[in-house]
Each structure stands twice: as C-alpha cells, then as structure tokens.
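Following: one structure in structure tokens, then a few remarks.
This is a predicted model, so every value here is computed, not measured. Only this structure's heavy atoms are used, side chains among them; waters, hydrogens and symmetry mates stay out.
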Amino acid sequence: MKKTILALLCMAFAFSSYAQKQLTATSPDGRIVATVTLDDKLKYSIAHDGETVLHDSPISLTLSSGEVWGEKPQLSQSTQKNIRQTIASPFYRKDKIEDEYTLLTLNFKKQWSVEFRVYNDGVAYRFVNKRKKAFTIAGEEVAYNFGGDVTTTVPYVKYGEDANYESQFHTSFENTYTVDKLSKLNKGRLMFLPLVAETSSGKKICISESDLEGYPGLFLSSAQGNHSLTGMFAPYPRASELGGHNMLQFSVTEREPYIAKVNGARTFPWRMAIITTADKELADSDMTYKLAAPSRISDISWIKPGKVAWDWWNDWNITGVDFISGVNNDTYKYYIDFAAANGIEYVILDEGWAVNLKADLMQVVDEIDIKELVDYGAARNVDIILWAGYHAFNRDMENVCRHYSEMGVKGFKVDFMDRDDQEMVEFNYRAAATCAKYNMILDLHGMYKPAGLNRTYPNVLNFEGVHGLEQMKWSSAEVDQMKYDVTIPFIRQVAGPMDYTQGAMRNGARGNYHPSNSQPMSQGTRCHQLASYVVFESPFNMLCDTPTNYMREPESLEFIAAIPTVWDETITLDGKVGEYIVTARRKGNVWYIGGMTNWDARDLKVDLSFLGGKAYSATLFKDGVNAHRHGEDYKKESIQLKGKKNLDIHLASGGGFALRVEM
C-alpha cells in the first residue's frame with residue numbers, strides 16, 4: 001500500500017512538473033524573451049523590454065490520422081545555442097545581412113520538433129517533421145493572442161462573401177489597409193499577410209511568414225474574438241475548372257479535407273512576429289530574408305536586375321510616329337529604341353503577343369515576330385521579357401522555357417495565379433526552378449507575398465501582391481493611394497520586393513486625379529513618383545508610362561533611368577506608418593535619398609549624419625511651390641551639402657523629394 005501511495009505521489013509530482021514546464025530564449029541584445037510552455041497544449045509568449053506583447057498563444061499541427069502535434073506534447077530533448085553569421089544577399093536592398101539570433105530547438109518523442117529563433121527585432125517558429133512516411137495535415141493552429149484591444153493595420157481579402165472563406169481563398173492579394181481596433185475588425189473577412197498590430201505602449205508587431213514552400217499560405221481571422229487573430233488555410237484542391245481572365249485561371253470547385261500533403265522529412269514555414277518600438281525599424285527588418293532557405297542556384301552571374309520599359313499601363317499609347325501603335329513589331333521597336341537610348345535594360349511584351357483564348361504560348365499573333373524583336377534588342381543591348389498567363393505557362397512550362405530561352409528571351413512575367421494553396425505554392429517554386437534551368441528571370445504577378453522565395457531562387461526578381469499603380473487606371477478618387485504608398489514600406493515590403501510599377505508622368509494633385517485606362521495618371525506629385533524609385537524595393541522595376549511622355553520630361557527620365565534597382569546599403573531614416581517615410585540607399589559611391597508623404601503637406605528635417613559630415617555635391621528634386629495645385633510642378637536643384645547634418649525640405653500634399661548624392 002505504501003509503495004502504491006509513493007508511486008502515485010511520484011506520478012503526481014511528475015505531472016505537476018510537466019504541466020508547468022517552461023523554456024525561455026532571449027534575443028542577443030536581451031530585450032526580447034520568448035517563453036515556451038509545455039502544458040496540455042504547446043504555447044508561447046513574447047515579452048519586449050519586460051512588457052508582454054504576445055500572450056500565451058497555442059500552436060499545433062493536426063494530422064489527418066487524428067494525431068495532434070502540440071497537444072500534451074512529450075518533450076524528449078531541448079537545445080539552445082547562439083548563431084551569428086553573415087548572409088550574402090544579392091539582388092536585395094543590401095549586399096550582405098548580419099544574421100544573429102538565439103535558436104531554441106524542442107524535440108518531441110514522436111519524430112517531430114519545433115524550432116524558435118529569437119532575434120533582436122522579433123521571434124519566429126516552425127514545425128519540423130522527421131518522419132519518412134507520407135501523411136496529410138488536416139489543419140494547423142496558429143494564434144496571436146494580444147491580451148488587449150490592440151490597434152491593427154490589416155489588408156482584407158478584397159472579394160468574396162463575408163464568412164464564406166472558400167470564396168475568399170481566390171484572391172490577388174491586393175487591397176488598401178484598414179486601420180481599426182482588433183475588436184472592430186470584420187469577423188467575416190480573411191486578412192492576408194503581412195499585417196501589423198500596435199500595443200497600447202506604441203510597440204508594433206508585424207506578422208508574416210517565410211520559407212513558404214510546399215505548403216499553403218497563412219490567412220488570419222478575427223472571428224474567434226478574445227483579442228486574438230487566428231490562422232486559416234486554403235485546403236488542398238480536389239477539383240478545379242478553367243475560367244477567369246481570358247481563360248487563364250483555374251478556380252477551385254472542390255477541396256480535400258486536408259491543407260497539405262507531406263511526403264517525408266521536411267521543415268514547415270516560419271511564423272514570424274517582428275517587434276519594434278520605432279516605425280522605421282519595421283521598414284529595415286530583414287527577417288523574411290534571413291528565415292528563407294538559401295539559394296539553390298550556384299551560379300547567379302547570369303541574373304541581371306534592371307529597369308523595364310513597360311507597355312500595358314500606358315496602353316501602347318505613343319504619338320509622333322508614322323505607324324499605328326499597339327501590339328506590333330513597329331511599336332516594340334520604338335520601345336526598344338527608347339530603352340537603348342536611356343540605358344534601360346529590358347522591354348516587356350505584356351498580354352497580347354500570344355493568341356488570345358488559346359492558352360498556348362507557342363501561338364504568336366501575326367503582328368509580332370519575337371525572334372526579330374529579340375535580335376533587334378540584342379543589337380542595342382536591350383533584352384526581352386514575355387508576359388504569360390498562369391494556365392498557358394503551367395501547361396507547357398518546360399517546352400516554353402526551352403523554346404524561348406533558345407530564341408534569346410531573358411525571362412517571363414507570369415500572371416493570374418491568384419491563390420496560395422499548396423498546389424499553387426508548388427507551381428511558383430517549379431516555375432522558379434524551371435526558369436533557372438534555362439537562365440531566365442521571373443516576375444511573379446497575380447501573386448501572394450514573396451515569403452522568402454527571392455532568396456531561395458534569386459532569379460525571381462519581383463512579386464506583385466501589392467495595390468500598385470495599375471489600380472490608378474480604374475480606381476475612383478476615394479481610393480487613398482497616397483496613404484497606401486506610405487504604409488507599404490512598413491508592412492508589405494517587409495515581406496520582400498514589390499512589383500508596384502511606378503513612374504507616372506501625369507500626376508494628379510488632390511482633387512485633380514481621375515481614372516483613365518488609355519491615358520492613366522497617378523495620385524500625388526511628380527516628386528512622389530520619383531521618390532518611389534528610392535523608397536520601394538524592386539530589383540526588376542518598371543517605367544510604367546509611355547516613352548512619348550518620358551521624352552517630354554527629360555529631367556525626370558534621366559533620374560529614373562540612372563537609379564539602381566539593387567543596393568549595397570539601405571537605411572530608413574525616418575517615418576511613421578500611413579504618414580510619411582524617408583529612405584536612403586547606396587550603390588557604390590552614390591547615395592539616393594527619397595521621401596514621400598500622404599495627402600498631408602509636411603516639413604521634414606532629413607538626417608544626413610550617415611554621410612559623415614563632409615561636403616558633397618547633390619541633385620535635389622523637390623515639389624514645386626504649386627505642386628499642391630498641379631501635381632507635375634517640381635523643381636530640380638544642384639546643391640552643396642557643405643557638411644550639413646540635416647536637410648530641411650517641404651513636401652506638398654501627396655508630395656515627395658528625391659536626392660542624389662555623389663560621395
């Protein structure tokens with residue numbers, strides 16, 4: 001009897017100790033502490049400078065067999081170590097990244113584990129599968145419990161019915177942001193990543209994911225309430241039907257009872273929370289890139305970033321020529337001549353060069369001779385990129401890439417995927433790998449956030465998933481693109497580069513903007529557009545307007561044509577989400593500094609201390625005195641900084657400035 005009682009007491013003590021098992025990991029600078037609790041469920045919390053910014057939040061994976069990783073977890077081993085390394089980051093906002101974090105690894109008894117990384121600017125975790133046998137995942141529990149009614153800045157899925165998540169899983173991941181208390185968010189709508197929550201003390205938490213490979217993307221919902229955001233995933237497609245834009249998309253009509261297939265040992269995507277006390281720190285975060293899988297391309301010497309003379313936004317609308325402009329060789333030779341004269345690396349043939357409604361990229365319209373255009377461009381040091389709809393590219397990917405690479409085409413802009421279930425995520429990786437096989441670059445339009453793909457396949461130079469300038473072809477004046485422009489550097493751009501497609505030469509001051517398909521314009525000032533080439537990260541960057549308009553604006557054209565698209569160094573000097581931003585980027589011995597504001601005019605004092613206090617010559621583009629009335633009004637000045645520590649600059653409503661400094 002005594003032995004039985006002793007055994008029961010030992011079991012009770014063991015259970016009590018197990019129930020309260022906690023492990024902690026601290027950031028290298030000591031400011032962030034992640035606490036992992038092994039209770040009836042696996043949970044974690046985050047404290048920043050002693051303040052709990054994320055309260056106990058459960059995490060788990062539920063297998064289709066009914067097994068739950070994270071429910072009554074049985075820990076077999078935990079390890080912790082400090083990592084410090086330097087990551088080469090070609091085709092990025094800086095040429096190298098210092099990567100330092102604390103790694104906490106929890107190994108569990110049934111061949112799975114969880115890894116936590118604690119950085120100086122946030123925390124990330126991921127599940128790891130060690131089993132060799134295939135299985136499926138019925139669902140993943142992702143929760144962000146804030147413990148209070150935080151203020152949120154979120155992008156809702158734009159279309160679909162409230163509370164009908166299936167109708168919302170088909171999305172282009174483009175929308176402006178809603179700013180509201182967590183309790184007031186629409187519980188019937190999904191939100192896509194990244195998004196931001198702000199605590200009562202002013203700390204911001206940017207939520208996103210990285211290394212999204214072979215797994216569906218994460219949406220978030222406020223439907224469960226309790227000051228929480230919880231994860232939602234598109235289940236794996238069982239059946240789909242062809243349709244959508246020009247019969248180039250597949251809409252899912254039936255889904256499996258699971259979200260992902262697992263075919264053996266693998267890691268799963270990182271769930272990341274970037275934590276900052278100053279807004280500019282969000283814009284400087286490299287966490288997405290750090291967490292991504294390293295490059296799978298050993299030789300990247302053939303990958304060439306650059307700028308692109310683009311046809312679609314300006315509707316092939318050129319003047320002063322003796323041919324009818326449109327999708328024809330004469331028009332594209334004109335674009336090539338324009339690009340060659342201004343040192344622009346690429347011309348894109350957007351939708352229209354392949355026969356419509358055939359989804360066959362081998363069927364080229366009679367008005368286009370691609371080989372002739374490739375040769376014409378090559379003689380002038382201008383390369384050709386081809387647009388392709390998702391279905392047309394997917395159905396014949398290998399043959400299409402082989403055929404056009406042999407012809408001399410340098411890459412593809414693939415469009416209208418508009419999903420992020422596992423099937424579509426796998427398509428994007430397959431497209432990246434196939435293009436790399438044939439030394440071709442890739443621009444993914446109609447696409448979710450980058451989520452690290454640009455590190456794993458650096459030939460993928462750009463991604464849409466942004467409410468870019470194309471929206472100004474049809475959006476009403478009620479759409480506040482100026483606020484959006486000074487929000488995305490702190491949120492969407494944290495995930496990676498953006499195919500925003502800026503460069504409008506028609507610029508509408510507040511009250512003067514109107515949508516137009518054939519003669520589109522931007523909201524805001526000319527200098528707002530010029531500054532966007534500094535502020536927005538785009539290794540493959542469009543000149544969206546017509547060559548005719550650029551040639552009428554030689555000063556603006558000269559600035560845009562000369563600006564790099566990848567950088568050696570980037571610093572966010574100042575900014576506040578939704579209000580303004582000032583960014584400095586260096587390439588070689590030249591610094592570019594760009595600033596943008598929302599519809600509020602403002603006076604900025606730009607910190608130039610990073611230049612070292614020396615006397616430098618600089619070229620400044622600033623809003624003209626009447627830019628608030630006429631958006632195209634600007635002034636170009638040559639200035640001597642003469643060791644100035646600050647530069648005082650006025651930004652008009654919807655305005656900006658751009659400064660080029662020769663070191």
Side-chain angles (χ1 to χ4, degrees), residues 87 89 91-94 97 117 119 121-124 126 142 144 152-157 171-177 190-197 204-213 215-220 229 231 269-276 279-293 417 419-420 424-425 428-429 432 442-458 460-468 484-500 535-540 570 572 577 581 583:
I87 300 173
S89 49
F91 320 124
Y92 188 59
R93 65 184 78 162
K94 56 187 70 170
I97 297 171
R117 290 189 186 181
Y119 292 91
D121 63 342
V123 176
R126 69 176 176 185
V142 179
Y144 296 93
T152 59
T153 304
V154 304
Y156 289 123
V157 171
T171 175
S172 62
F173 304 90
E174 300 166 289
N175 203 356
T176 55
Y177 292 92
L190 294 176
M191 295 163 268
F192 56 90
L193 303 181
L195 56 78
V196 163
K204 288 188 168 64
I205 306 164
C206 181
I207 298 170
S208 196
E209 61 184 343
S210 187
D211 203 18
L212 177 62
E213 180 175 5
Y215 201 82
L218 172 64
F219 294 89
L220 290 175
L229 293 173
W270 289 100
R271 312 277 169 235
M272 50 192 275
I274 302 167
I275 304 160
T276 64
D279 289 9
K280 66 180 183 179
E281 295 169 355
L282 278 181
D284 276 341
S285 177
D286 298 310
M287 192 181 293
T288 302
Y289 198 94
K290 292 175 182 178
L291 291 167
M417 287 75 78
R419 290 167 24 214
D420 69 350
M424 191 58 73
V425 171
N428 288 315
Y429 274 79
L442 190 58
D443 176 14
L444 291 171
H445 226 57
M447 171 70 177
Y448 52 84
K449 63 201 173 297
L453 178 56
N454 54 311
R455 181 183 176 191
T456 309
Y457 284 98
V460 187
L461 290 177
N462 219 348
F463 303 76
E464 198 181 18
V466 65
H467 192 269
Y484 183 78
D485 285 357
V486 291
T487 301
I488 51 176
F490 305 96
I491 303 180
R492 163 58 182 85
Q493 194 164 273
V494 172
M498 307 182 301
D499 199 10
Y500 182 94
V535 174
F536 296 162
E537 181 187 355
S538 297
F540 185 70
T570 294
T572 304
V577 176
I581 186 167
T583 304

Q) Taking it one step at a time, do Ile205 and Tyr144 satisfy side-chain contact (heavy atoms from CB on, under 4.5 Å)? A) CA-CA 10 Å; Ile205 306 164; Tyr144 296 93; over 6 Å; no
Q: Go through the steps to decide whether Leu453 and Tyr429 satisfy the test side-chain contact (heavy atoms from CB on, under 4.5 Å), and finish with yes or no.
A: CA-CA 8 Å; Leu453 178 56; Tyr429 274 79; 3.7 Å; yes
(Q) I'd like to know whether Leu193 forms a side-chain contact (heavy atoms from CB on, under 4.5 Å) with Tyr448, so could you lay out the CA-CA distance, the side-chain angles of the two residues, the decisive distance to 0.1 Å, and finally the verdict. (A) CA-CA 9 Å; Leu193 303 181; Tyr448 52 84; over 6 Å; no
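Qualifying salt bridge (charged side-chain N to carboxylate O under 4.0 Å, His left out) partners for Arg93, counting only residues two or more places apart in sequence or in other chains: Asp286, Glu537. Residues satisfying the side-chain hydrogen bond (donor to acceptor under 3.5 Å, both in side chains) criterion with Arg271, sequence neighbours excluded, are Glu140, Glu209. Contacts of Asp211 classified as salt bridge (charged side-chain N to carboxylate O under 4.0 Å, His left out), with partners at least two apart in sequence or in another chain: Arg126.
The OH atom of Tyr156 lies 14.0 Å from the OG1 atom of Thr171; values are rounded to the nearest 0.5 Å. One finds the CG atom of Asn428 at 9.5 Å from the CG atom of Asp420 (value rounded to the nearest 0.5 Å). To the nearest 0.5 Å, atom OG of residue Ser89 and atom CZ of residue Arg455 are 9.0 Å apart. We find the NZ-CG distance between Lys290 and Asp121 to be 5.5 Å, quoted to the nearest 0.5 Å. The line from NE2 of His467 to CZ of Phe173 is 15.0 Å long, rounded to the nearest 0.5 Å. Here CD of Gln493 is found 4.0 Å from CE of Met498. Values are rounded to the nearest 0.5 Å.
A heavy-atom distance below 4.5 Å is found between the side chains of Arg492 and Tyr177. Annotation: side chain of Val577 is not in contact with side chain of Val196 (no heavy-atom distance under 4.5 Å). Looking only at side-chain heavy atoms (C-beta outward), Lys204 and Leu282 come within less than 4.5 Å of each other. Side-chain atoms of Thr152 and Leu195, non-hydrogen and from C-beta on, never get closer than 4.5 Å to each other. Looking at Lys449 and Thr288, their side chains never come closer than 4.5 Å, going by heavy atoms from C-beta outward. By the 4.5 Å heavy-atom criterion applied to side chains, Val157 and Phe192 are counted as neighbours. Residues Val466 and Tyr484 form a side-chain contact, since some pair of their non-hydrogen atoms from C-beta on lies under 4.5 Å apart. Contact of the Tyr215 side chain with the Leu212 side chain is registered, since non-hydrogen atoms from C-beta on lie closer than 4.5 Å.
The two atoms that bring Pro539 and Pro497 nearest to each other are CD-CB, 3.4 Å, heavy atoms only. Here the closest heavy-atom approach between residue Pro489 and residue Val535 is recorded as CG-CG1, 3.7 Å. Contact detail for Ala292 and Ser210: the closest heavy-atom pair is N-OG, 3.5 Å. Closest of all the heavy-atom pairs between Ala495 and Pro450 is O-CB, 3.3 Å.
A donor-acceptor pair under 3.5 Å links the side-chain atoms of Trp270 to the main chain of Leu291, judged by distance alone. At least one donor-acceptor pair closer than 3.5 Å links the side chain of Glu464 to the backbone N or O of Gly446.
Of the N and O atoms on the side chains of Asn454 and Tyr92, not one donor lies less than 3.5 Å from an acceptor on the other residue.
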